Every structure is written in structure tokens, then in C-alpha cells.
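Structure, as C-alpha cells:
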Number of protein chains: 2
Amino acid sequence: MKASIKDIARVAGVSHSTVSRALSDSPVVNPETRARIKRLAREMGYSPDAGARGLVMGRTLTIGVVVTTISDPFIAEVVQGVESTAFKNGYTVILASSGAEPEREVAAVEMLRSKRVDGVIVTASRVGALYKEHLTRIEVPVVLLNNHGESGGPYTFSVRVDDRHGGYLATRHLVERGHRRIAYVSVGEAGHSSDRERQAGYCQALTEAGLPCDPALVFAGNGRWDGGERVLPLLCAPPEPPTAVFCFNDMTAVGLLRSARAAGLSVPEDLAVVGFDDIPIASYVVPSLTTIAQPKFELGEKAMQMVWILIEAQRETATPQVHDTILQGRLVVRESSVGRSE
Amino acid sequence: MKASIKDIARVAGVSHSTVSRALSDSPVVNPETRARIKRLAREMGYSPDAGARGLVMGRTLTIGVVVTTISDPFIAEVVQGVESTAFKNGYTVILASSGAEPEREVAAVEMLRSKRVDGVIVTASRVGALYKEHLTRIEVPVVLLNNHGESGGPYTFSVRVDDRHGGYLATRHLVERGHRRIAYVSVGEAGHSSDRERQAGYCQALTEAGLPCDPALVFAGNGRWDGGERVLPLLCAPPEPPTAVFCFNDMTAVGLLRSARAAGLSVPEDLAVVGFDDIPIASYVVPSLTTIAQPKFELGEKAMQMVWILIEAQRETATPQVHDTILQGRLVVRESSVGRSE
DNA sequence: TTGTAAGCGTTATCAA
DNA sequence: TTGATAACGCTTACAA
């Protein structure tokens, strides 16, 4: 069976507290006995019980990560960044996916609370009101990722990408390519803050170029590829249709590319397209998609570093030296805005 | 601060064991006190300590999932299936990514052992020798996913897709489309069992059609897109080049498509292409990719159900009524083997 | 129907 | 340098 600290103590002929000290390299224990105990521990296949340790230590070295679904490639990469950084710091990641259902979100948070995680990272999703209440009740540091909700308690902060600047970069790129009529395909959901910000950046670039922010050039997608697909006919309807379009995200842009192809439009000659996110698909579609790359892994990395700092601060009941972090996206120019020949 | 069972007991004027019983719906406790205690628990924001419970119960209701990287979309979907099924059964998922580095693999398993997970699911990776030893030492049920390693201990089983049949389906499809010279692009790694099996299915379909299994038609890729890209010139070299090709996986096929396009070959007219996996990209490339779809979510689901059965069996020290499970892939016909016009 | 007491595997305090 | 002993929060005989 599983060897405990007491089993080792019995075999070694010492008390279990000596074993505990030896294994945690306490300086007071005799070097020889320490060595003997360590050898014994290895031989007996000893593995410390994290649960028992957590009970007495008041920390579990575990953090919870709440996602809508891990099968979203964007989220997956972020989680990879979290997990990898957590591992380096001796932390373990518990995964909780909510499926975007309020019920499951609450259950997930409750579960994490029971597991006594030392901190929580919440990716995406619009942290519902109900959900948020539970989130604060958990009484551990919370880091919101790409979420524009106001920071809640004293140990709640956020890490996100600069949506406004990203929108600006994407649009300025199109302006620089000579486009004058540039459309925006939104996520079509009121109060979606990333959407609002990206659109604001779009407007800023237009204004800066002396172009009007024409509401007639803003179309409603849904953030998924079918939304982009459906928007094309509307885009082409006006007597003087836009020559370029900036989409809320890559999936929307990919749908748009597909329907443009079906309609016999050539991209980028007839219509230049820029997306946002840089999901893996972006570089494989034809034409490959110009986009704003989010530093996904780094987002996860930063979020984990931040909870770590918050956890340490909380332990010492100190005011954490932390502030909301904003990372910059990067323009990745591909074929959909420039063409193969150029 | 965090309310414990004792805090509730104090307020309710009963002993902490009564509270414990009430909260776990023990039939012996007085209905009125039960109700009172439950209300109190809610008011005081009580959350049971999973660690403490695990300590006395000998089970943590937690399973560990070992992946190479969660940012692989294939793995992500599998993990989604695992997590979702786990959640339904009251289980929690601890994620451990190994990055395919032996060191980290071992550390990951050791960490899961410390957390006293009730079971482990290992996806992909060729379970190294060293790694495997640690895996058996963990003394809990292990389910190997898409891994052809022999089952280890009495509580180790596997869930996988039928690689051979998948290879057969893919190749038969090409035969039925009238192709006589059909190539295979392998993963180019000796002893890769999925590769071996898919190739065996390929041969079987050829033989069945009265065609030879010509080793000259087998080319070495590397399982990634650049491998597929590099293989094209070799493919075209012979005086009578193949008219169709079955690739070990989608990434290889996508690379092949890309270089075919660059070389001015039209797919499927000049060269029909079939992949394996059905990753998200497969339906977005141009032409879209015919492939063998692996039931990813279901693989995860089955794996979780299986560990669950094994855990129950182990608790009752019974011989588990379980056997290695093989799921069937499904041929998904798209443009790369049939063409848009047909 | 309830309370007392033991114990799960640790760490930590205090004496020796 | 080491050993008793208490404590963490919980479940579960055993007694009352």
C-alpha cells in the first residue's frame, strides 16, 4: 500500500516528525539520518499527500482555470500558457469548463472553492452577475482574462489584449493600402466590450485618415463563421460597396472569405479582408488571412504570474503591487489584404 | 473567514457530527434539525473542504489528464470530452501537460500521485519506458488514449480509434474513385503504431482491389505540415506518378495541398488527397480536405467512463468488467478527393 | 436521534 | 537534534 510518513518513521526507527523535517530539508535534522530517511522514502515509493499538506498549510498550490470550452483553439493556447507557467512555479491546474451555461459556471466555481484553490483565472465569457457574486465569495485572488468587467474585490485584476489598438492597427493597414471605404463586421451583441473597443480603434484609424465613420459600413455578424458568411450579400448591396473589411475576429473573416469565394469575388483584389486573433486556421485558408495576432500564450503566462503575485500578497495580507495589464496585439500581414503577387 | 462544520455546529447548538450527517443527508438525522443546519450552512457560506474529505474518504473525486500539449486542437477536443463527462459524474479534472519531454512527463505523473487522483487518462505520446514505470507505481486506474502500448497492470486499459480500418476506408474511397496508383505518406518514424496500422489498412484496401502494395509508393513525412510539403517533389518524381495520396494525418495533407497549389497541380484533378483526423482546419483549406474523422469528443467521453468503471471496480477490489475499446473513424468526403463540380 | 472519540497524513509548537 | 502532541476539516464507528 501507499507509504506514509509514519510508515517511514517506523522502519527508520525515528518519530514521524523527524521524517517530516528530513524530507522538507529542515536544517536542524542530522545529515546522516536525513540521508537515511530520504533513501528509505525513495525505496518505499513515498509520495507526500497533497491533500493532507494543504489542510495544515492552508494552501493547496493549486489554481483553478475557468473556460467556456477548452476546444476553442484560442482558449486552449491561453491555457497552455497558464499551465506551463503554473508548473514552473510548482502549481497545479484544475480545469473547469462552463460551456457558457450560467448553471455550470456557478457549479464550476463552487467546485473550485471546495478544492480550496489558491487562485482562479477566468478566461473569456462575460462573467454573469450571478457568477460574479460566487466568484468574489471564493475569497481568493481572481484574474480575469480578456474580460473587461470592472475589477471586483481587492484581489481581482485583469489581463487583456489592447482591443482598441488592435482595431486601429488593422484599419490603418487597410487605409495604407489605399482603401477609402472600409467596413467593420461586429459581433452583433450589445454591450460586448471587446467588440466595442475594436470598433473604436477602427473609427480612430478612419478619422485619423480623414475618413468618415459611416454607421452604414458597420454590419452585424455573430463572432462565428456563419455570421461572416451571411454578411457578404449585405456588404455588396450598396451602390458603392466597401473595398475592404475588418472583421471582429478570424472566424467571422473566414466565413466571409468562403462566401466571397462562392460569389466569385476575388480577395484581396475585389475585397481586402482583415481578421483578429490569429487562430491556427488563419494561415491555412486561401487566401491566407491578414489579422491581429493576440499573444495567447503570453496572456496565459501573465495571468498566472499575476495570480501568483496576488496569492503571495494575500498571504502576507499586503496590498498587492499589481495593476491591470494590457498586452499589445501584432499585425500579421498575409494574402487577404495584399495578394500573392505583391 | 471560511466556515467549517464546527462553526456551524456551534451556531446551531449541536455537535459537528450531526452537522456532517445533516449535510450529507443521512437518514437518521431529525428532519427539522437537518433543515435548520442546511439553512445555516447556506447563510454562512459553507463550502466543504475537498482535501479534508479526501483524506478520510480515501478518494478525491479527481482524475488526472496527461497531455503533450493542450494547444493541439485534437487533444483539446478529447479533453473537452473528458472534462464534460467527468463533471457530470462529479469528478474534477487536473491537467498536466508534458510537452513531450520525458522529464516533465515523470514530474507530471508524480504530481498527480501526490494529489491522490482516483484515476489517470493519458492522451497521445508514446508512453516512454521510464514514464510507464511511474505510471504503474501510481496504483490507480490508467486509461491510455490512442496509445497502442500493451495494457500494463490489472487496471490499465486503452481507448482508441481503429487506425487500420480508417486507413482502409480512406484508401478504398480512392480506389472507388478510379485511382490505381495510390501513395501513402507515413509519419516517418520507426515503430509508430498508428502509422503502421493506417498503412496496413491502406495495403488491405489495395490488395482487395487487386492492386499491388508497392513500397515505392510509400513516402516519409513527419506528421507535420512541413513534412507533407517536402514530400510533394518526391511524389511527382517517378515517370508514372501516383494520381492519389493518402496521408498519415491532416497536417501532412494540408502541407501537401499547399505545395501542390504552389506547384500548379490541381487537386483533386491531378492529385486526389485524403487525410486522417478531421481537425478543424480540414474543412477550411482550399480545396477542403477529405479525411477520416476521429470521434474526438467520444474518445474522451469513453475514456472517462472507463476510468470511472475501473475506479469503482478497484474500490470493491473486483475484477473490472472492461476491455480495450476501439472506436471507428468515419470517412468525410470533401473537395480534395471529389472536386467541386461533381 | 444525537454526541464522543478516533483517525486520515501532514506541519508546527514546545519540551526534552 | 529529536520526540510528543496538537491541529487542520472531515467521516464514521460506537455509545448514550
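Note that the structure is a prediction, hence the values are computed from the model and not measured. Chain naming here is simple, since letters A, B, ... match the order of the sequence lines and numbering starts at 1 in each.
Residue pairs meeting the side chain to side chain donor-acceptor pair (under 3.5 Å) criterion with at least one member in residues 33-43 of chain B, sequence neighbours excluded, are B:Asp25-B:Lys38. Applying the salt bridge (charged side-chain N to carboxylate O under 4.0 Å, His left out) test to every pair with at least one member in residues 297-313 of chain A, sequence neighbours left out, gives these pairs: A:Arg59-A:Glu312.
Between the side chains of B:Ser17 and B:Ser20, no donor N or O sits under 3.5 Å from an acceptor N or O. Residues A:Ser24 and A:Ser26 have side chains that never bring a donor and an acceptor to within less than 3.5 angstrom of each other. A donor-acceptor pair shorter than 3.5 Å can be found between the side chains of B:Lys115 and A:Thr62.
Residues that satisfy the side-chain contact (heavy atoms from CB on, under 4.5 Å) test with A:Val11, not counting sequence neighbours, are A:Leu40, A:Met44. Contacts of A:Ser194 classified as side-chain contact (heavy atoms from CB on, under 4.5 Å), with partners at least two apart in sequence or in another chain: A:His148, A:Asp163, A:His192, A:Arg198, A:Phe248. Every salt bridge (Lys or Arg N to Asp or Glu O under 4.0 Å) that A:Arg10 has, sequence neighbours left out, goes to A:Asp7. Residues passing the ring-ring contact (aromatic ring centres under 6.0 Å, His included) test with A:His16: none are found, sequence neighbours excluded.
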Between the protein and nucleotides 13-16 of chain D, are there any N/O to N/O pairs under 3.5 Å, and if so, what are the atom names and distances?
none

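In this model, no side-chain donor or acceptor of A:His16 finds a partner on the base of D:dT2 within 3.5 Å.
For A:Met57 and D:dG9, the CE to P distance is 15 Å, given to the nearest whole Å. Rounded to an integer number of Å, the gap from CG of A:Asp49 to C1' of D:dC8 is 13 Å. Atom pair B:Ile5:CD1 and D:dG9:C1' shows a separation of 7 Å (rounding to whole Å applied). A straight line from CD1 of A:Ile37 to C1' of D:dT1 spans 11 Å, rounded to a whole angstrom. With rounding to whole Å, B:Leu55 atom CG is found 12 Å from D:dT11 atom P. To the nearest angstrom, C1' of D:dG3 lies 14 Å from NZ of A:Lys6.
To the nearest 0.5 Å, atom CG of residue A:Leu112 and atom CD1 of residue A:Ile121 are 11.5 Å apart. B:Leu144 contributes atom CG, which lies 7.0 Å from atom OG1 of B:Thr156 (distance to the nearest 0.5 angstrom).
In this model, the phosphate group of D:dT11 is approached by a side-chain N or O of B:Arg53 to a distance below 4.0 Å at OP1 or OP2.
Remark: B:Arg137 CZ is packed, more than 12 non-hydrogen atoms of other residues, nucleotides or ligands lying under 6.0 Å away.
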Pairs of donor and acceptor atoms involving the side chains of residues 47-55 of chain A, under 3.5 Å and at least two apart or interchain, shall be tabulated with distances.
unit_1	atom_1	unit_2	atom_2	d
A:Ser47	OG	B:Arg116	NH1	3.2
A:Asp49	OD1	A:Gly51	N	2.8
A:Asp49	OD1	A:Ala52	N	2.9

Quiz: residues 82-96 of chain A side-chain donor-acceptor pairs under 3.5 angstrom, not counting sequence neighbours:
unit_1	atom_1	unit_2	atom_2	d
A:Glu83	OE1	B:Ser97	OG	2.5
A:Glu83	OE1	B:Arg104	NH2	3.4
A:Glu83	OE2	B:Ser97	N	3.1
A:Thr85	OG1	A:Gly81	O	2.7
A:Asn89	ND2	A:Thr85	O	2.7

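Among the atoms of the strands shown, only primed sugar atoms or phosphate atoms (P, OP1, OP2) are found under 4.0 Å from some heavy atom of A:Ser47.
Counting 5' to 3', DNA chain C first comes under 4.0 angstrom of a heavy atom of chain A and last does so at the ends given by C:dG9 to C:dT13.
Rounded to 10°, the helix from C:dT1-D:dA16 to C:dA16-D:dT1 has 40° between the axis fitted to its first five pairs and the one fitted to its last five.
Summary of the strand contacts: A:Val56 and B:Ser15 both lie near DNA chain C, and taking for each the nucleotide with the nearest heavy atom, the more 5' one is attributed to B:Ser15.
A heavy atom lying under 4.0 Å from DNA chain D marks none of the residues of residues 25-36 of chain B.
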